[in-house]
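When a ligand or atom number is given, it counts from 1 through the structure's own listing order. Throughout, residue positions are numbered sequentially from 1 according to the sequence presented.
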Amino acid sequence: MPRYDFRCRSCGATFELRRPMAQANDPAVCPQGHPDTVKLLSTVAVTGSAGGAPQQAPGGGGGGCCGGGCCG
Ligand SMILES: [Zn+2]
């Protein structure tokens, strides 16, 4: 369940609520009981994928010395 941050404009407290996305825009009440709150922007939804792709090590060729009978 996504988490939403709110800030109370009456006492200045910030608090967070976990609520369904369907209720994301519903008014929240401050823990102190103040109804005058605003929803803060948070990084709940992350779009896109950042970060590099996993690197693949170049395949090493064969060629050891034991196998061809060169070191025996
Ligand atoms: Zn408050």
**Request:** Using modelled atom types only, decide if a donor and an acceptor are shared between the side chain of Arg19 and the backbone of Asp26 within a distance under 3.5 Å.
**Result:** yes

Could you tell me whether the side chain of [Y] reaches within less than 4.5 Å of the side chain of [X], counting heavy atoms only?
| X | Y | result |
| --- | --- | --- |
| Met1 | Pro20 | yes |
| Val29 | Phe6 | no |
| Tyr4 | Met21 | yes |

**Asked** Step by step, would you call Cys30 with Cys11 a side-chain contact (heavy atoms from CB on, under 4.5 Å)?
**Response** CA-CA 9 Å; Cys30 169; Cys11 66; 3.8 Å; yes

**Request:** Please identify each residue that fulfils side-chain contact (heavy atoms from CB on, under 4.5 Å) with Arg7, with sequence neighbours left out.
**Result:** Thr14, Val38, Leu40

**Request:** Please list, in chain and residue-number order, the protein N/O/S atoms closer than 2.8 Å to the Zn ion (ligand 1).
**Result:**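 Under 2.8 Å from the Zn ion (ligand 1) - ignoring waters, which are not counted - the protein N, O or S atoms are Cys8 SG, Cys11 SG, Cys30 SG, His34 ND1.
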
